[in-house]
Amino acid sequence: MRMRLNQDSRIHINLMRHFVLILFICLTSCKAQKETQLDSGEKDDMILIAQDGYSGIAEYETMVVRDVKSLNKFYATINKTRKPGLPVPVIDFSKEMALIVCLGEQKGLKTPELSKTIESENEVLITIEMVPPNETKNTENQFVSYPFYVYKVPYTSKVISFQKMGW
């Protein structure tokens with residue numbers, strides 16, 4: 001026996017179908033965004049939050065930043081020649097701190113890969129390895145840059161030291 005639906009019931013069923021479809025799309029898109037964020041530079045609790053090809057710092061330098069004042073001072077240095085300057089990342093320094101790696105003069109497109117190699121009771125050793133791009137290009141046409149990278153890591157009172165590997 002078939003039952004006839006009135007106009008209100010049809011509208012209600014159509015609204016429920018649309019609601020389920022929208023809910024499904026939202027849930028799957030959120031998962032994709034989370035996976036993308038995890039793949040975008042996170043390794044050993046180190047999350048890349050900022051980078052640029054020009055820091056204005058000519059020599060290799062690393063910094064451990066544990067307060068807003070020091071982070072603002074670094075950004076004041078790199079923003080001297082920029083109008084407008086790069087925005088200062090927001091970090092909750094009660095839970096996190098920043099690791100800054102300025103590579104100095106670089107020729108080509110190598111990028112640093114940071115990894116925690118040794119962690120003792122008082123110290124953390126972070127290794128910086130330069131990773132070449134997938135494509136190899138003619139070495140005569142390589143451009144010069146002065147890149148910097150800012151990583152967010154969980155706060156620790158341990159001494160953090162950096163080691164270059166394969167430079």
Side-chain angles (χ1 to χ4, degrees), residues 28-167:
T28 57
S29 68
C30 291
K31 183 178 179 186
Q33 289 174 358
K34 287 179 186 173
E35 289 173 0
T36 302
Q37 288 174 350
L38 292 177
D39 293 339
S40 67
E42 182 176 343
K43 187 166 180 168
D44 296 326
D45 298 328
M46 289 181 245
I47 301 169
L48 179 64
I49 58 171
Q51 72 179 47
D52 194 75
Y54 182 73
S55 64
I57 299 172
E59 299 295 323
Y60 167 81
E61 185 178 338
T62 58
M63 294 173 241
V64 178
V65 178
R66 299 177 196 267
D67 59 69
V68 176
K69 186 177 178 181
S70 300
L71 185 62
N72 287 337
K73 184 177 177 183
F74 170 74
Y75 268 82
T77 302
I78 64 168
N79 282 333
K80 283 181 184 175
T81 59
R82 290 186 170 93
K83 298 295 180 220
L86 297 175
V88 179
V90 177
I91 298 175
D92 180 1
F93 284 102
S94 65
K95 299 175 187 173
E96 302 164 326
M97 59 187 193
L99 303 178
I100 300 174
V101 179
C102 299
L103 298 179
E105 183 178 319
Q106 294 292 304
K107 293 181 180 172
L109 294 173
K110 290 184 180 180
T111 57
E113 186 174 290
L114 276 64
S115 58
K116 194 185 309 181
T117 52
I118 299 173
E119 184 169 2
S120 68
E121 199 173 295
N122 301 324
E123 184 179 12
V124 176
L125 178 65
I126 295 177
T127 302
I128 303 171
E129 183 176 2
M130 295 304 288
V131 179
N134 293 337
E135 306 174 3
T136 56
K137 294 189 175 184
N138 188 350
T139 56
E140 293 175 13
N141 295 331
Q142 292 181 348
F143 63 91
V144 175
S145 64
Y146 299 87
F148 73 92
Y149 299 82
V150 180
Y151 294 86
K152 180 170 64 170
V153 297
Y155 185 86
T156 182
S157 59
K158 297 178 182 180
V159 174
I160 296 180
S161 49
F162 296 89
Q163 175 186 19
K164 293 188 210 179
M165 183 177 217
W167 286 35

side-chain hydrogen bond (donor to acceptor under 3.5 Å, both in side chains) filter on Asn122, not counting sequence neighbours, yields none
Where is the tightest heavy-atom contact between Ile49 and Pro89, given as atom of each residue plus distance? CD1-CB, 3.7 Å
In Å, rounded to the nearest 0.5 Å, how long is the span from OG1 of Thr111 to CD of Glu129? 10.0 Å
Under 4.5 Å between any side-chain heavy atoms of Tyr151 and Ile126, yes or no? no
Could you tell me the separation between the OG1 atom of Thr62 and the CD1 atom of Ile128, rounded to the nearest 0.5 Å? 6.0 Å
Residues Ser161, Glu123; criterion side chain to side chain donor-acceptor pair (under 3.5 Å); working and verdict: CA-CA 8 Å; Ser161 49; Glu123 184 179 12; 2.7 Å; yes
Test side chain to side chain contact (heavy atoms under 4.5 Å, CB included) applied to Thr81 and Tyr54, step by step: CA-CA 10 Å; Thr81 59; Tyr54 182 73; 3.7 Å; yes
For Phe93 and Leu71 the tightest heavy-atom approach is CZ-CD2, 4.0 Å
Separation between CD of Glu113 and CE of Met130, rounded to the nearest 0.5 Å: 10.5 Å
Using every non-hydrogen atom in the two residues, find where Ser55 and Phe148 come nearest and quote the distance to one decimal. CB-CD2, 3.6 Å
So, taking the atom named CZ in Arg82 and the one named CG in Asp52, what distance separates them when rounded to the nearest 0.5 Å? 4.0 Å
Work out which heavy atom in Pro147 is nearest to a heavy atom in Gln106; give both atom names and the distance. CD-CG, 3.8 Å
Quiz: residues 95-105 side-chain donor-acceptor pairs under 3.5 angstrom, not counting sequence neighbours:
from	atom 1	to	atom 2	distance (Å)
Glu105	OE1	Tyr146	OH	3.4

For Lys158, enumerate each residue passing the side-chain contact (heavy atoms from CB on, under 4.5 Å) test, keeping only those at least two apart in sequence or located in another chain. Glu119, Val124, Thr156
Let me confirm one number: the CZ-CD distance from Phe74 to Glu61, rounded to the nearest 0.5 Å. 8.0 Å
Write down the atom of Phe162, the atom of Met63, and the distance for their closest heavy-atom approach. CZ-O, 4.4 Å
